[in-house]
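Before any comments, here is the structure.
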Protein chains: 2
Amino acid sequence: MDTTSRYRDTARQRMRDAIVEAARDLTIARGWDAVRMADVATQVGVSRQTVYNEFGSKPALAEAIAQAETERFLAGVNDALYGHDDVREAAHAAIFQVLDEAAGNPLIKAILTSARGGSDPLLPFLTTRSELVLVAAAGVLRQWAADRLPALPDEAVAFAAETIIRLVVSHIVLPLAPVDRTAGALADLVVRLVTDPVTP
Amino acid sequence: MDTTSRYRDTARQRMRDAIVEAARDLTIARGWDAVRMADVATQVGVSRQTVYNEFGSKPALAEAIAQAETERFLAGVNDALYGHDDVREAAHAAIFQVLDEAAGNPLIKAILTSARGGSDPLLPFLTTRSELVLVAAAGVLRQWAADRLPALPDEAVAFAAETIIRLVVSHIVLPLAPVDRTAGALADLVVRLVTDPVTP
DNA sequence: ACTTTACTCAAATCGGGGTCTTGTCAACCG
DNA sequence: CGGTTGACAAGACCCCGATTTGAGTAAAGT
């Protein structure tokens with residue numbers, strides 16, 4: 001029974017993931033309001049009722065999409081940061097990755113930039129999520145700094161993290177230079193923020 | 001005739017200014033789409049036809065409003081910068097002034113933040129203007145830096161200016177701390193960007 | 001367990017009639 | 001002349017029923 005229930009759960013989980021993924025793809029393709037629960041079900045190959053059994057409502061499904069996308073995004077940032085020993089290289093990799101993903105993934109872009117007054121026709125409730133993601137991203141950066149730059153005072157880390165996040169979002173919203181150039185400039189700024197003597 | 005035409009021109013200019021000011025006030029009060037050309041005319045005390053004679057169309061009037069507001073804004077930044085000898089004080093004054101004005105003046109806020117996907121119901125064509133204003137603001141900062149910090153290389157000035165502008169806009173869009181605290185933190189950052197040794 | 005079918009109901013969509021605004025013109029005044 | 005007034009066509013906008021769509025629920029089938 002243990003194994004059975006475990007199997008059941010993983011199968012169920014697989015189905016949930018498939019539904020979320022299908023809904024995600026449809027959302028990217030046509031926008032959330034044009035996504036029909038029936039379409040999602042058909043695409044996955046289950047019945048509409050099953051989708052309702054799993055997620056309960058359309059907003060709940062949207063929430064699941066947002067959550068999954070957020071986790072993927074934060075994991076990506078985390079991996080980029082920890083994938084390099086040099087501070088500048090780590091910062092560059094993470095910033096580049098975010099800029100690149102935002103350029104190609106409308107969902108991520110919407111999540112990261114919907115905090116503003118912008119009324120994206122996509123997911124109206126991402127406005128709430130946006131702050132959560134930005135706060136979570138700041139947490140990732142702070143954790144990484146605590147691991148790799150333990151000498152840096154918390155205050156300096158917090159300011160650097162917030163500043164870099166704001167600048168990255170700003171460059172997503174209004175890109176002026178190519179992505180790698182921007183990533184390079186911001187990575188340099190990170191180094192300066194992090195190696196600078198504290199304010200006298 | 002010289003004096004006559006000059007007088008005519010200043011009278012005309014006064015009327016144009018009055019029309020723009022009235023239209024600006026109405027826009028702030030009710031939003032641009034709710035502004036009727038007839039209301040503007042009545043408020044100034046001229047006929048609707050006169051407004052059309054002066055500006056030609058409603059979009060053209062909007063353009064005039066945006067231009068006037070932009071000039072006032074940039075002049076304010078300029079004055080704040082040149083009103084202090086100390087770099088930190090000058091930066092603080094300018095940043096504070098912009099944050100404060102954006103908080104209280106919806107037009108300025110719209111102009112500064114409409115570049116993004118944000119579909120403000122106010123002036124849809126400010127999207128174009130936004131970039132112009134930000135570029136112009138960068139120009140003001142660069143000129144000031146050239147006057148007050150001639151030793152600083154152009155490249156460093158350009159990066160510092162763009163970075164500060166992006167951060168200020170970011171704090172307008174998503175304010176987290178009180179205005180004076182934000183202004184203080186950004187002013188400190190200006191000092192660091194400006195006094196830092198260049199990248200080795 | 002999942003599917004199928006059948007149903008309710010709220011909200012979005014559509015259409016059309018009327019109103020309001022813009023933009024233009026010409027006649028009129030000081 | 002510079003401004004006002006009144007009139008007017010064209011198009012945008014608004015209100016309001018009629019219709020359709022799609023979310024959500026229930027129950028029976030397999």
Side-chain angles (χ1 to χ4, degrees), chain A residues 1-20 22-24 26-27 29-66 119-125, chain B residues 1-20 22-24 26-27 29-66 119-125:
Chain A
M1 193 177 99
D2 228 4
T3 64
T4 308
S5 77
R6 192 148 42 214
Y7 170 75
R8 272 223 326 270
D9 282 357
T10 68
R12 192 196 185 100
Q13 192 56 47
R14 240 194 299 279
M15 189 180 67
R16 283 182 66 94
D17 292 350
I19 293 174
V20 168
R24 185 197 94 111
L26 287 173
T27 302
R30 346 176 163 159
W32 175 246
D33 4 339
V35 173
R36 309 279 149 250
M37 295 298 263
D39 299 342
V40 176
T42 305
Q43 178 132 338
V44 181
V46 301
S47 74
R48 196 167 66 93
Q49 186 59 43
T50 299
V51 177
Y52 273 97
N53 289 341
E54 285 305 322
F55 294 95
S57 73
K58 201 186 175 192
L61 176 57
E63 181 59 30
I65 297 174
S119 61
D120 275 300
L122 287 161
L123 316 185
F125 40 85
Chain B
M1 192 177 100
D2 229 1
T3 64
T4 308
S5 77
R6 191 147 43 212
Y7 171 74
R8 272 221 330 269
D9 283 357
T10 67
R12 192 190 186 110
Q13 192 56 46
R14 239 194 299 278
M15 188 179 68
R16 283 183 67 95
D17 291 351
I19 293 174
V20 167
R24 185 198 95 110
L26 286 173
T27 302
R30 344 178 163 157
W32 175 246
D33 1 343
V35 173
R36 309 281 148 249
M37 294 298 263
D39 300 341
V40 176
T42 305
Q43 178 131 340
V44 182
V46 300
S47 73
R48 197 169 63 95
Q49 185 60 39
T50 298
V51 177
Y52 273 96
N53 288 341
E54 284 305 321
F55 294 95
S57 74
K58 203 186 174 193
L61 176 55
E63 180 60 29
I65 297 174
S119 60
D120 275 301
L122 286 162
L123 315 183
F125 39 83

*Compare the minimum distances between each of dT22(C), dG24(D), dT3(C) and the side chain of Ser57(A), then state the nucleotide with the smallest one.*
dG24(D)

*So how far is it from Thr50(B) OG1 to Met37(B) CE, rounded to the nearest 0.5 Å?*
11.5 Å

*May I have the distance from Leu61(A) (atom CG) to dG22(D) (atom C1'), rounded to whole angstrom?*
15 Å

*Figure out the CZ/C1' separation between Arg48(A) and dA6(C), and round it to whole Å.*
11 Å

*Minimum-distance nucleotide (side-chain atoms of Pro59(A) versus dA7(D), dT4(D), dG24(D))*: dG24(D)

*Hey, which sits more toward the 5' end of DNA chain D by its nearest nucleotide, Gly56(A) or Arg36(A)?*
Arg36(A)

*Starting at atom CE of Met37(B), determine the distance to atom P of dT5(D), rounded to an integer number of angstrom.*
17 Å

*Consider only side-chain N and O atoms of Gln13(B) and Asp17(B), and report whether a donor and an acceptor are under 3.5 Å apart.*
yes

*Please work out if Val51(B) contacts a base, only the sugar-phosphate, or nothing of the nucleic acid, heavy-atom cut-off 4.0 Å.*
nothing

*Nearest whole angstrom, please: distance from the P of dT5(C) to the OH of Tyr52(A).*
18 Å

*Rounded interatomic separation in angstrom, taking CZ from Phe55(A) and C1' from dA23(D)*: 16 Å

*Working to the nearest 0.5 Å, report the span between CG of Leu26(B) and CD of Gln43(B).*
4.5 Å

*Distance (rounded to the nearest 0.5 Å) between Thr27(A) OG1 and Ile65(A) CD1*: 4.0 Å

_Whole angstroms only, please: what is the CG-P distance between Asn53(B) and dC25(C)?_
11 Å

*asked:* Between C1' on dT13(C) and CG on Asp33(A), what's the gap in Å once rounded to a whole number?
replied: 14 Å

*Let me know the distance between CD of Gln49(B) and C1' of dC25(C), rounded to the nearest Å.*
8 Å

